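A short write-up of the structure that comes next.
These values consider heavy atoms only, across backbone and side chains, with no hydrogens, waters or symmetry-generated copies. Because the structure is a prediction, the values reported are computed rather than measured.
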Amino acid sequence: METLASLKEVREFFGIDLKDFRAEWTVLDEESKREIREGIGNGSFTY
């Protein structure tokens, strides 16, 4: 089972404010978003 981090967890991991996070997150494709959430969620930090 894959463990996905929440968007809040992703934002906190990178240590950026909500405005900057939204700007960066919206330009990513769905596959990249899933890989980032999975890497943070499962602790491998690979994406």
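- At most 12 heavy atoms of other shown residues, nucleotides or ligands fall within 6.0 angstrom of atom CZ in R22.
- Cluster annotation: I36 is connected to I16 through the hydrophobic network of ILVMFWY side chains, with a link wherever side-chain heavy atoms come within less than 4.5 Å.
- Using a 4.5 Å cut-off between side-chain heavy atoms of Ile, Leu, Val, Met, Phe, Trp and Tyr, with links allowed through other members, F13 and L4 fall into different hydrophobic clusters.
- In this structure, the side chains of F21 and T26 stay at 4.5 Å or more apart for every pair of heavy atoms.
- Side-chain N or O atoms of E12 include none that pairs as donor or acceptor with a backbone N or O of E9 at under 3.5 Å.
- Going from atom CG of D17 over to atom CZ of R11 covers 7.5 Å, rounded to the nearest 0.5 Å.
- Nearest heavy atoms, R37 versus W25: CG-CH2, 3.8 Å.
- Between the CD atom of E38 and the CD atom of E31 there is a distance of 8.5 Å, given to the nearest 0.5 Å.
- Hydrophobic clustering keeps L7 apart from L18 (ILVMFWY residues linked when any side-chain heavy atoms are closer than 4.5 Å, directly or through intermediates).
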